[in-house]
Amino acid sequence: MPSKKSARLAALTVAAVCSAASTVVLTAPAHADSVRIRDVQGSTRISPYAGKQVTDVAGIVTGVRTYGSSRGFWIQDPQADDNPATSEAIFVYTNSTPKGVAVGDAVTVSGTIQEYVPGGAATGNQSITEITKPTFTVVSSGNAVPAAVVISARSVPDAYAPAGDTAANGSVNGLTLRPSAYALDYYESLEHMNVRVADARVVTGTDAFNELWVTVKPHENANRRGGTVYGSYDSQNTGRLQIQSLGAATDFPKANVGDTLAGTTTGPLDYTQFGGYTLVASELGTLKSGGIKRETTQKQGRGELAVATYNVENLDPSDATFAEHASAIVNNLQSPDIVSLEEIQDNNGKTNDGTVAADQTMKKLIDAIAAAGGPAYDWRSIDPVDKADGGEPGGNIRQVFLFNPERVSFVDRAGGDAATAVGVTKVNGKAALTASPGRIDPADAAWTNSRKPLAGEFVFRGKTVFVIANHFASKGGDQSLHAQYQPPARSSETQRHLQATAVNAFVKDILAVQKNADVVTLGDINDFEFSGTTQRLEDGGALWSAIKSLPKSERYSYVYQGNAQTLDQILISPSIRRSCDFEYDSVHINSEFNDQISDHDPQVLRFRP
C-alpha cells in the first residue's frame with residue numbers, strides 16, 4: 001500500500017468552487033504548510049485561525065450534506081490528541097452540492113477559516129467553525145470513519161454553561177472550554193465530530209422540519225409522560241439534544257414525546273439556529289412507541305364552573321382543523337362553560353386587506369362544536385384595529401370568549417371597542433365593568449403591537465365572575481438557552497412585565513370595589529409560572545397562578561427544544577383560592593404530539609363560585 005505522502009502526490013485535487021453552478025475543476029495539489037484540525041478548532045469557541053487561510057487540513061469525511069443552505073461535508077482527524085477541549089472535526093462549506101467526495105474519503109482541504117453564526121450575529125447564537133471557499137484533494141477512499149464519541153448521561157455535565165465574560169457583554173466565546181464542567185462546553189468540544197446516542201428517549205415530537213429532540217439523561221426532570229420539565233432558569237436539562245437526518249425526509253420517524261430511538265443514532269454534531277447542538281444522523285435508531293395518549297379532563301359538576309384557555313394557533317376559515325378543534329373542546333375538555341380562545345384570526349386569515357371581523361371564523365368553529373355533539377356556544381369579542389395587535393400580518397388575531405348560554409350568561413354592557421378602556425364601577429354595592437366586553441387600557445404602550453386583554457362579566461348560578469382573556473407578547477427576540485451570552489438575555493420580558501403590571505392593576509381595581517370578587521385571569525401568558533411576568537400578575541396577592549397547585553412535573557402546556565414548560569396559565573383571585581374548592585388540569589392533547597393541531601395544550605379550571 002503506498003504511503004500517505006505518495007498517495008497524496010499521486011492524487012488529483014478536486015476544487016469545490018463556491019458558485020451556483022457547482023463547478024468542479026482539477027488542479028495540482030497545494031504544498032503550503034498544513035495544520036491539524038485541532039489547531040484550527042483551538043480550545044475556545046473561536047478559532048485562532050479565524051479569517052486566515054489554511055492549507056492541507058487532513059481528515060476523513062464523516063458526512064456529506066447535499067440539501068439546505070449549508071451544503072458541504074464534515075471531516076475528522078482519525079488521530080485524536082489528549083486535549084478534551086479541542087474538537088477533532090470541522091465542516092467544509094461548499095455552498096453548492098459537494099461533488100467528488102464521499103463518506104470514508106481521506107482528504108486534505110485548503111481554504112479560509114470562518115466563524116459562521118447561524119441566524120446572524122443579532123441572534124446571539126454561538127458560531128460554527130468552518131472552512132470556506134475550499135479546494136480539496138481526495139487522497140484515498142473507503143477508509144473507516146473515526147469511531148463515534150458516545151454522548152451519555154455520564155459524559156454530559158449537570159451544569160449548563162459558565163457565566164460569560166462581563167468584559168465581553170457576557171459572551172463565553174473567549175473562555176477556555178471546560179467540557180467536564182459545563183454541558184455547553186462539552187458539546188462545543190465535540191463540534192462537527194462523529195457522535196452517538198443510544199436508546200434515547202424523545203422529549204419533543206417530530207416537527208414540520210423533520211427534527212426532534214431526545215434526552216441522554218432519562219431521569220433528568222422527567223415527567224410521567226416521558227418529557228423533561230423546565231422548572232426554573234437554573235435547570236436547563238443538559239441532556240437535551242436535537243436530532244436531524246442526512247437521509248431523505250420521508251425516512252425521518254414521526255415521533256411523539258415518550259417514544260424512543262432504540263439502538264444507536266450516529267452522525268456529526270452540528271450547531272443550528274433553532275436548536276443549538278444537533279446530531280445530524282447518518283444512522284437513525286429505530287422508533288419505539290412510548291404509547292402516550294391524548295388526555296381528557298373531568299366533566300364539571302352541576303355546581304362547578306369550568307373555565308378554560310385554548311390557543312388555537314392562527315385559526316381562520318381556510319384552515320382544515322375546525323373539526324379537530326371542536327372534538328378537542330367537546331371531548332377532551334368536556335365542553336367547558338367558558339373558553340378563552342387565543343389566536344382567532346379574522347375572516348380571511350393572513351390576507352392583508354384590512355379585514356378585521358372574525359364572525360365567519362367563529363361561526364365555523366361553533367358549528368363544528370355542535371356537529372361534534374357539543375353545546376350551542378355563543379361568543380363575545382372586540383375586533384382589533386387592523387395590524388395593531390401583532391401576530392401574522394393581515395391575520396388580526398384576538399381573544400374571544402366562547403361560552404355555553406345554557407350554563408352561564410354574559411352581561412352585555414355597551415361601550416367596549418378597540419380604543420376605549422374598560423373601567424370598574426360599583427353597582428348595588430358590588431363591582432361591575434363599565435363595558436362588557438371591554439379592553440384593558442388599549443392605548444397603554446404596554447400593548448403596542450400586542451393583543452389587548454379582553455374583560456368580560458359573566459353570571460353563573462346567580463353569582464358574578466369576572467374573566468380576563470390575555471395573550472401577552474411573545475418571546476421573539478430573546479437569546480436562546482444555547483447562546484454565546486450566558487446567562488442569555490430575555491429582552492421580550494420587558495413588554496410582558498408592563499402587561500402583567502397593567503392587568504394586575506385592573507384586577508386590584510375590581511378587588512378594591514369588591515374584596516371577595518371572583519376574578520379569573522387566563523390565556524397565553526407566554527411566560528413561565530416562576531417568571532417575573534407571573535410574579536407581577538400575582539403582585540400584592542391579587543392573583544395566583546393555579547397551575548402551581550399541580551406537582552412540578554405536571555406544570556407544562558408547551559414543549560420547546562426538549563423542555564416541557566408553562567406558557568398558558570389560569571390565575572385566580574383570593575376568593576377562589578381561599579375556598580380551596582377548585583381543580584386545575586393541564587390537558588395534554590397537542591404539545592407532545594407530532595400531529596398536533598396547535599402547539600399549546602389547553603388549561604381547565606373547575607371551581608364553585
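The first residue of the sequence shown is numbered 1, and numbering continues consecutively from there. Any value given below was found using the heavy atoms of this structure, including those in side chains, with hydrogens, waters and symmetry copies removed.
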Checking side-chain polar atoms at under 3.5 Å, does Gln603 have a donor or acceptor matched by the opposite partner on Ser586? yes
Tested for salt bridge (charged side-chain N to carboxylate O under 4.0 Å, His left out) against Arg398, the lone hit among Asp383, Asp389, Asp346, Asp386 is Asp383
Quiz prompt | Donor + acceptor pair across side chains of Glu538, Ser545 (<3.5 Å) | solution = no
In short, Pro442 meets Ala418 closest at the heavy-atom pair CB-O, 3.3 Å
* Asked: salt bridge (Lys or Arg N to Asp or Glu O under 4.0 Å) between Glu342 and Arg451: does it pass, once the steps are laid out?
  -> CA-CA 9 Å; Glu342 296 88 50; Arg451 283 68 55 186; over 6 Å; no
Quiz item: Regarding Arg407 and Ser335, is there a side-chain donor-to-acceptor distance under 3.5 Å anywhere?
Solution: no
For Ile382 and Asp417 the tightest heavy-atom approach is CG2-C, 3.5 Å
Steps toward ring-ring contact (aromatic ring centres under 6.0 Å, His included) verdict (Phe466, Phe458)
CA-CA 6 Å; Phe466 299 95; Phe458 293 84; 9.8 Å; no
When His600, His325, Gln345 are each screened for side chain to side chain contact (heavy atoms under 4.5 Å, CB included) with Val312, the one that passes is His325
### Query
Would you say the ring centroid of Phe593 lies under 6.0 angstrom from that of His588?
no
Side chains of Val587 and Leu333: closer than 4.5 Å at any heavy-atom pair? yes
Next item on the list: Hey, can you tell me if Tyr271 and His482 have their rings parallel, tilted or perpendicular (30° and 60° cut-offs)?
Entry: perpendicular
Exercise for review: Measure from NZ or CZ of Arg490 to the centre of the six-membered ring of Tyr233 and say whether it is under 6.0 Å with the direction within 45° of the ring axis.
Suggested key: yes
| Can you tell me if Ser553 and Asn223 form a side-chain donor-acceptor pair at under 3.5 Å? | no
Open item on the list: Between Asn169 and Tyr485, does the side-chain contact (heavy atoms from CB on, under 4.5 Å) criterion hold? Intermediate values first, please.
Closed with: CA-CA 7 Å; Asn169 295 320; Tyr485 300 103; 4.3 Å; yes
Scan side-chain atoms only and decide if Ser235 and Asn221 contain a donor-acceptor pair under the 3.5 Å cut-off.
-> yes
Closest non-hydrogen contact found for Asn504 with Ala542 is ND2-CB, 3.7 Å
For Ser127 and Glu115, the nearest pair of non-hydrogen atoms, with its separation, is OG-OE1, 2.6 Å
Side chain to side chain contact (heavy atoms under 4.5 Å, CB included) test vs Val307 passes for just one of Val604, Leu522, Asp337, namely Leu522
On a heavy-atom basis, the closest approach of Tyr584 and Gln569 is OH-CA, 4.0 Å
Residues Lys508, Asp539; criterion salt bridge (Lys or Arg N to Asp or Glu O under 4.0 Å); working and verdict: CA-CA 9 Å; Lys508 286 177 177 175; Asp539 180 69; 2.6 Å; yes
Heavy-atom side-chain contact between Trp544 and Ile576 under 4.5 Å: no
I'd like to know if Asp444 pairs up with Arg439 as an ion pair, taking the criterion as any Lys NZ or Arg NE/NH1/NH2 lying under 4.0 Å from an Asp or Glu carboxylate oxygen.
no
* Asked: Relative to each other, are the rings of Phe528 and Phe530 parallel, tilted or perpendicular (30° and 60° limits)?
  -> parallel
